[in-house]
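First the structure, in the form of structure tokens, and then the observations on it.
One-based numbering, in listed order, for ligands and for the atoms of each. Atoms considered below: every heavy atom in the structure, side chains included; atoms not considered: hydrogens, waters and symmetry mates.
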Amino acid sequence: MGERPRVLLLHTGGTLGMRRRADGSYAPEAGALAEALAGLPELARAPLPQLDLVEFEPLLDSSDMRPADWQHIADALAERLPHVAGAVVVHGTDTMAYTASALSFLLAGLDRPVVLTGAQIPLVEVRSDARENLVTALLLASDARLREVAVYMSGRLLRGNRCTKVSSAGFDAFDSPNLPALAEVGVDVRWRDALLRPAAAPPLRALRLRSVPVVALRLFPGITGATLRQVLRDPVRGLVLETYGAGNAPTRDDDLLAAIEEATARGVVIVNVTQCLRGTVRMDSYAAGRGLLAAGVVSGGDMTAEAALTKLTVLLSQPLEPPEVARRMAVDLAGERSDDAAAAGAVA
Ligand code: ASP
């Protein structure tokens, strides 16, 4: 038998490695994951890979993650991935979809697996979902078929920039509403080979993030132009606008569209994603969508709000003019959006 592959286990925080405090709440604790792993000797032999455990300081509840933390994770991966078969990133589930999306845009030249996983109940608890998530994520992260950023939870491997957290308490916390799972894990692992991304051209490197003011706003009945102007005030450079249905916004209030048009004219990139869990934005379907199109809003297609926000942040951090950022938002860069034909037959 050949030598077991090595996999990087990057612990950033989250419930998986947490311990219960005296007041009954869970919080991250340095060294707790290493201690728990030492108590599971079966994780130290084949078929599992050899582990290089790296623990971040401080460990975070993922609600505390910021773009600077995405950069920290991307840098650690770019530095260490060339020496291992792949990586598992242990991360809280609350903002895992954001971090997974951000990593998919930040890691250029990725040619091996990066699998984010977490748990709803810590590894040290008896009824925990952490052991299965961790074991399977480690196996998937040593499979050379996978050459992208993915999320593994509760039997399904999802593309990182396609997933969203859909349950605060279920073990199946994530869904990938517009793309089937990359693999379904039961007695066997069933891969959807046709969906897997090809290896990107080397070298592997982490793009740089700058502190760019980007905001997300969910439209609601009664929103006014004045509110939008407040949100879009300088120095905001990008907005992910979560619209109704196929990408629609109110049209009875001229001032609302005027506020949007003023911002796009100033070079603010506004991206339209739908509030619906499934389906895509088609701004030409309704008059209510055409108004946005005419005001210079870019279609986010079937991107999740998490993918749109992180992609916009990464693109606005690069030395690109707003029209080029808008152009790239409208095309697929890392498997995050379907082309229009594919989206038309949206995945059930
Ligand atoms: N609040 C936790 C976190 O996101 C929840 C979890 O890990 O599932 O870090």
Residues passing the side chain to side chain contact (heavy atoms under 4.5 Å, CB included) test with Ala108, sequence neighbours excluded, are Arg205, Leu207
Q.
For the CZ atom on Arg233, are there more than 12 heavy atoms of other groups (residues, nucleotides or ligands in this structure) within a distance under 6.0 Å?
A. no
What one should report as the nearest heavy-atom pair of Gly300 and Val273 is CA-CG1, 4.2 Å
Sequence neighbours excluded, the answer for salt bridge (charged side-chain N to carboxylate O under 4.0 Å, His left out) partners of Glu125 is none
Residues passing the ring-ring contact (aromatic ring centres under 6.0 Å, His included) test with Tyr244, sequence neighbours excluded, are none
With distance as the sole criterion, is a donor-acceptor pair present between the side chains of Gln318 and Glu324 under 3.5 Å?
no
Short N or O separations between ligand 1 and the protein, below 3.5 Å:
{"residue": "ligand 1", "atom": "1 (N)", "partner": "Asp61", "partner atom": "OD1", "Å": "3.0"}
{"residue": "ligand 1", "atom": "1 (N)", "partner": "Asp61", "partner atom": "OD2", "Å": "3.0"}
{"residue": "ligand 1", "atom": "1 (N)", "partner": "Asp94", "partner atom": "OD2", "Å": "2.8"}
{"residue": "ligand 1", "atom": "4 (O)", "partner": "Ser62", "partner atom": "OG", "Å": "2.5"}
{"residue": "ligand 1", "atom": "4 (O)", "partner": "Thr93", "partner atom": "N", "Å": "3.3"}
{"residue": "ligand 1", "atom": "4 (O)", "partner": "Asp94", "partner atom": "N", "Å": "3.0"}
{"residue": "ligand 1", "atom": "4 (O)", "partner": "Asp94", "partner atom": "OD2", "Å": "3.4"}
{"residue": "ligand 1", "atom": "7 (O)", "partner": "Thr15", "partner atom": "N", "Å": "2.9"}
{"residue": "ligand 1", "atom": "7 (O)", "partner": "Thr15", "partner atom": "OG1", "Å": "2.8"}
{"residue": "ligand 1", "atom": "7 (O)", "partner": "Thr93", "partner atom": "N", "Å": "3.1"}
{"residue": "ligand 1", "atom": "8 (O)", "partner": "Thr15", "partner atom": "OG1", "Å": "3.3"}
{"residue": "ligand 1", "atom": "8 (O)", "partner": "Thr93", "partner atom": "N", "Å": "3.4"}
{"residue": "ligand 1", "atom": "8 (O)", "partner": "Thr93", "partner atom": "OG1", "Å": "2.4"}
{"residue": "ligand 1", "atom": "8 (O)", "partner": "Ala119", "partner atom": "O", "Å": "3.2"}
{"residue": "ligand 1", "atom": "9 (O)", "partner": "Asp61", "partner atom": "OD1", "Å": "3.2"}
{"residue": "ligand 1", "atom": "9 (O)", "partner": "Ser62", "partner atom": "N", "Å": "2.7"}

